[in-house]
Amino acid sequence: MGECHYLDGNVKAEKMFQMTGEFLNLLGIDPKRIRLEWISSAEGTKFAWVANEFTEDIKALGPANIKKVA
């Protein structure tokens with residue numbers, strides 16, 4: 001934290017992530033469907049690993065079963 005090129009961008013991102021998780025809970029959506037990771041532009045291998053791992057996590061959760069509102 002605090003090492004963002006955009007000064008406080010990562011602090012704002014974390015706050016938005018927490019708010020999004022709360023919103024998902026209100027909607028009945030598993031908050032495991034979102035993920036926040038700190039990865040620098042120099043960490044391409046880490047980005048690929050995280051993306052693949054998160055894809056597998058989402059697949060394991062199965063369909064979101066979001067109910068449509070009439």
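We're numbering straight along the sequence, starting at 1. Everything quoted here is computed from the prediction, not taken from an experiment. Hydrogens, waters and symmetry mates play no part in the numbers below; they use all other heavy atoms, side chains included.
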To the nearest 0.5 Å, what is the distance between [atom1] ([X]) and [atom2] ([Y])?
X	Y	atom1	atom2	answer
I34	L24	CD1	CG	5.0 Å
D30	I58	CG	CD1	8.0 Å
L36	M16	CG	CE	11.5 Å

Q: Answer yes or no: is there a donor N or O on one side and an acceptor on the other, between the side chain of E43 and the main chain of S40, under 3.5 Å?
A: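 Pair found, side chain donor or acceptor close to backbone of S40.
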Q) Backbone N or O of W38 within a donor-acceptor pair of the K46 side chain at under 3.5 Å? A) yes
Q: Of all the heavy-atom pairs spanning G21 and P31, show the shortest one and how long it is.
A: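 Heavy atoms only, the tightest pair is O-CB, 4.5 Å.
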Q) Heavy-atom count around F17 CZ within 6.0 Å, excluding the residue itself: above 12? A)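 Above 12, so yes.
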Q. With the threshold set at 4.0 Å, does a side-chain nitrogen-carboxylate oxygen contact exist between E37 and R35?
A.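 R35 and E37: salt-bridged.
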Q. Do NZ/NE/NH1/NH2 and the carboxylate oxygens of R33 and D57 come within less than 4.0 Å?
A. no
